[in-house]
Protein chains: 2
Amino acid sequence: MTRWTTDARSRLERAAVDLYLERGYAETTVAALAERAGLTERTYFRHFPDKREVLFANEETLRAALAAAVAEAPDGDVRSLVRAGLDEVARRLQPRHAELVRRGPIVAGHPDLQERELIKLASWTTTLRDAVVARGVDEATAALAAAVGIAVLDVAARRWLAGTPDADLVAGLHDALAGAGDLLGA
Amino acid sequence: MTRWTTDARSRLERAAVDLYLERGYAETTVAALAERAGLTERTYFRHFPDKREVLFANEETLRAALAAAVAEAPDGDVRSLVRAGLDEVARRLQPRHAELVRRGPIVAGHPDLQERELIKLASWTTTLRDAVVARGVDEATAALAAAVGIAVLDVAARRWLAGTPDADLVAGLHDALAGAGDLLGA
DNA sequence: CGCACCGATGTCAGCGACTGACATCAGGGT
DNA sequence: ACCCTGATGTCAGTCGCTGACATCGGTGCG
């Protein structure tokens, strides 16, 4: 029983997706967004550092899960470490198909938002690299494996988002990894 | 003999690097940058769409060269097409080691600039993919090969920038490609 | 029970990135 | 000579974002 509703943050997230879809991202003012959530512009900026971040709030959770999965993976081989991490992310993405499909067009339509998405991906890459290094792999190998792994995950995820909601992302990821192996190894 | 010096654009580019290094990116005002170049803030924005782009002006040239290299590559195999593109970029990057090392810390210190750099990389990926598709490769394979190829190039380039100016980026790229093949194909 | 403190929010003023509209002015072509 | 073009300057305004300070219900402590 607090004075303020405790879901300010999620109200802002919903208001953002709604308004960005209704009026477009560029045409939506942070003030308008906050008002839709029953808050002030200033309060918005206490929850999110800028106008874009509201669309990427949960990515941090995925990053942590990625690191944890690598840390707890049973085997010490580079390939299986990376795969453990990627699989975990894929598993967690799977139930969010609808949400991501809804958010997709917003991001696709605005370079600013694409940039933000790309830097999240890049942070996954460094996270994955560091987690693999922590398991005893040398830096150079880890950096290469992480970069390639995340790149493949990205391709698989895009394919998955373009398909039906019940398509299996984990399976798609494995296909893509195999495909990449064919391309590079032949 | 025009009324205005024709090198306004390059003056802005030099002023930007200088000031971003002297005072820092965030602390540098576009107005100050333009003044250093003997111009007005408004004029700056007629040459570059925003405060960051001045640091990435020539990337477009590289993108075009990447597309051209793939289009003119002799062999039709996916691997050699991608490799032709990556090699061309690496070759053109080689002489720019000093410049890139100088620009590196600026970009590294500011997420905004990293984002811009990442979206340039992403545009290389789609360019490469489209160029490979134009050579008759199916879309899915091309997308995967382009994503992995650019990711490997990125890793190789970072390694190269961390080393001595005379290190061979093309050779480093080939090493990285081989390394990625080992990782995925084993 | 009262009170002092805390934490989420509101208010206000201000900076800087970016844009649209209009003015200026040398050079080039007619 | 004259008009037109293109790069620039000037001005006003919007919006993202921030620091400083005020507000006020809840919480815990005496």
Side-chain angles (χ1 to χ4, degrees), chain A residues 1-57 106-107 109-117 119-120, chain B residues 1-57 106-107 109-117 119-120:
Chain A
M1 283 314 192
T2 58
R3 175 177 167 201
W4 302 274
T5 60
T6 67
D7 57 343
R9 195 184 172 86
S10 42
R11 282 210 317 277
L12 286 168
E13 292 175 18
R14 255 178 286 115
V17 175
D18 289 350
L19 281 179
Y20 290 173
L21 281 174
E22 282 175 27
R23 309 181 194 170
Y25 169 76
E27 292 69 29
T28 301
T29 272
V30 174
L33 194 168
E35 192 190 6
R36 163 84 57 120
L39 294 169
T40 306
E41 182 186 18
R42 191 65 183 88
T43 299
Y44 171 91
F45 284 109
R46 288 205 180 89
H47 285 276
F48 303 98
D50 60 47
K51 187 183 174 183
R52 316 175 221 165
E53 193 66 17
V54 66
L55 289 181
F56 302 89
I106 307 178
V107 175
H110 298 277
D112 282 5
L113 296 173
Q114 295 173 33
E115 287 185 343
R116 182 54 50 87
E117 189 156 89
I119 209 174
K120 298 291 180 184
Chain B
M1 283 312 191
T2 59
R3 176 178 168 200
W4 300 274
T5 61
T6 67
D7 57 345
R9 194 184 173 87
S10 42
R11 282 211 316 277
L12 285 169
E13 290 175 20
R14 256 178 284 115
V17 175
D18 290 349
L19 281 179
Y20 290 173
L21 282 174
E22 283 176 26
R23 310 182 194 167
Y25 168 76
E27 291 71 29
T28 301
T29 273
V30 174
L33 193 169
E35 192 190 6
R36 165 82 58 118
L39 294 169
T40 306
E41 183 187 16
R42 192 63 183 90
T43 299
Y44 171 91
F45 284 110
R46 289 204 180 89
H47 286 275
F48 303 98
D50 58 49
K51 186 183 174 182
R52 314 176 223 165
E53 193 66 17
V54 67
L55 288 180
F56 302 89
I106 307 177
V107 175
H110 297 277
D112 282 6
L113 295 173
Q114 295 173 33
E115 288 185 344
R116 182 54 52 86
E117 189 156 271
I119 209 174
K120 298 290 180 185

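Every chain is numbered from 1 and lettered A, B, ... according to where its sequence line falls, protein lines coming before strand lines.
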- Residue pairs passing the ring pair (Phe, Tyr, Trp, His ring centres under 6.0 Å) test with at least one member in residues 21-45 of chain A, sequence neighbours excluded, are A:Y20-A:Y25, A:Y25-A:H110, A:Y44-A:F48
- Roughly, in whole Å, what's the span from CZ in B:R9 to C1' in D:dA7? 14 Å
- Message: What's the closest nucleotide to the side chain of B:A8 if the choices are D:dA20, D:dT8, D:dG16?
- Response: D:dT8
- Do B:L19 and B:R36 have side-chain heavy atoms sitting under 4.5 Å apart? yes
- Query: In whole Å, what is the span from the NE2 atom of B:H110 to the C1' atom of D:dC17?
  - Reply: 17 Å
- Any donor-acceptor N/O pair, A:D50 side chain to A:E53 backbone, under 3.5 Å: yes
- Atom CZ of B:R52 and atom C1' of C:dC18: how far apart are they, to the nearest Å? 12 Å
- Indicate yes or no: at least one non-hydrogen side-chain atom of A:H47 is less than 4.5 angstrom from one of A:T43. yes
- Item | Contact under 4.0 Å: B:H47 side-chain N or O vs D:dA7 OP1/OP2 | no
- Task: Could you grab the distance from atom CD of A:E117 to atom CG of A:L55, nearest 0.5 Å is fine?
- Result: 9.5 Å
- Residues in contact with DNA chain D, drawn from residues 25-44 of chain A - heavy-atom cutoff 4.0 Å: A:T28, A:T29, A:V30, A:E41, A:R42
- Task: Please confirm whether any donor atom in the side chain of B:R46 sits under 3.5 Å from an acceptor in the base of D:dG6, or the reverse.
- Result: no
- Task: Would you indicate whether A:E35, at its atom CD, is surrounded by more than 12 heavy atoms from other residues, nucleotides or ligands within a distance under 6.0 Å?
- Result: no
- Message: Please report the distance, rounded to the nearest Å, between CZ in A:F48 and P in D:dT18.
- Response: 14 Å
